[in-house]
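Here is the structure we will look at.
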Amino acid sequence: MGVCNGRHLYKGVNPYEKSPYSGYISASQKVSPKEIYENFSELFTDLIENGNIVESYLKLDEQGTNFYYKDSKTTFEDAFKSTIEKFNNDTEFKSDYLQSCIDQMKEETGEVMSEMETELIMKKAMVDIYDAQKKAFEFENCE
């Protein structure tokens with residue numbers, strides 16, 4: 001997959017459905033059309049010869065490039081880790097999020113939970129969400 005501004009792909013992907021890609025090659029900085037043409041011509045020539053995009057990228061990377069390869073599973077794990085870190089380290093984000101959960105629970109059930117109860121439920125929910133969404137990025141047994 002090659003796209004301009006492709007890092008915004010996550011905005012339109014359902015994290016519970018199979019990932020639409022197994023990996024991507026992106027630029028680490030602004031690149032010129034000439035650089036794209038030269039690097040990708042070489043990459044695709046090698047890909048046609050060996051049939052393995054990762055091997056082709058690694059050969060390109062050995063020569064020095066502003067492009068990098070990242071698989072979808074690592075992308076997912078990095079994004080999820082970022083959310084967990086924000087929840088654990090940004091007190092305002094955490095407090096706002098927990099309060100919204102408390103408010104939603106009160107609205108839906110009439111029950112009022114403490115912030116501590118809500119946090120325990122959230123931590124369990126994050127584990128469950130991670131396990132459910134991770135399946136979308138596993139390509140070992142695709143049919």
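- The CG atom of Leu60 lies 6.0 Å from the CG atom of Leu43; values are rounded to the nearest 0.5 Å.
- Electrostatic pairing of Glu38 and Lys34 counts as a salt bridge here, judged by a charged N lying under 4.0 Å from a carboxylate O.
- Contact detail for Ile53 and Leu47: the closest heavy-atom pair is N-CD1, 3.4 Å.
- Counting non-hydrogen atoms of neighbouring residues, nucleotides and ligands closer than 6.0 angstrom, the NZ atom of Lys70 exceeds 12 such neighbours.
- Partner of Phe67 under the ring-ring contact (aromatic ring centres under 6.0 Å, His included) criterion, out of Phe40, Tyr24, Tyr57: Phe40 alone.
- Using a distance-only test at 3.5 Å, with no hydrogens or angles considered, no donor-acceptor pair links the side chain of Glu42 to the main chain of Asn39.
- Using modelled atom types and a 3.5 Å distance limit, the side chains of Asp78 and Thr75 yield no donor-acceptor pair.
- Two residues are said to be in side-chain contact when any heavy atoms from C-beta on lie closer than 4.5 Å; Ile129 and Phe80 meet this criterion.
- The CD atom of Gln63 sits 9.5 Å away from atom CG of Asp61, with the distance rounded to the nearest 0.5 Å.
- No side-chain heavy atom of Glu77 sits under 4.5 Å from any side-chain heavy atom of Lys81.
- Two residues are said to be in side-chain contact when any heavy atoms from C-beta on lie closer than 4.5 Å; Asp103 and Gln99 meet this criterion.
- Ile36 CD1 to Ile25 CD1: the interatomic distance, rounded to the nearest 0.5 Å, is 12.0 Å.
- The shortest non-hydrogen separation linking Asp46 to Lys59 is OD1-NZ, 3.2 Å.
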Tell me, with the steps shown, if Thr74 and Asp71 meet side chain to side chain donor-acceptor pair (under 3.5 Å).
CA-CA 6 Å; Thr74 302; Asp71 63 74; 3.0 Å; yes
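- When the shell of 6.0 Å around CD of Gln104 is examined, it contains 12 or fewer heavy atoms from other residues, nucleotides or ligands.
- Under a hydrophobic clustering in which Ile, Leu, Val, Met, Phe, Trp and Tyr are joined whenever their side-chain heavy atoms come within less than 4.5 Å, directly or via other members, Leu120 and Met113 fall into different clusters.
- Taking OG from Ser114 and CD1 from Ile102, the interatomic distance works out to 7.0 Å, rounded to the nearest 0.5 Å.
- No continuous path of hydrophobic side-chain contacts links Ile121 to Met126 [ILVMFWY only; heavy atoms under 4.5 Å].
- With rounding to the nearest 0.5 angstrom, the CD atom of Glu55 is 12.0 Å from the CD atom of Glu49.
- Side-chain contact check for Glu35 versus Asn66: some heavy-atom pair is nearer than 4.5 Å.
- With hydrogens and angles ignored, the 3.5 Å screen pairs a side-chain donor or acceptor of Ser41 with a backbone N or O of Tyr37.
- Contact check on Lys124 versus Asp128 returns a salt bridge, with a Lys/Arg side-chain nitrogen under 4.0 Å from an Asp/Glu carboxylate oxygen.
- Both Phe76 and Phe87 belong to a common hydrophobic cluster when Ile, Leu, Val, Met, Phe, Trp and Tyr are linked at side-chain heavy-atom distances under 4.5 angstrom.
- The distance from the OG1 atom of Thr83 to the CZ atom of Phe93 is 6.5 Å, given to the nearest 0.5 Å.
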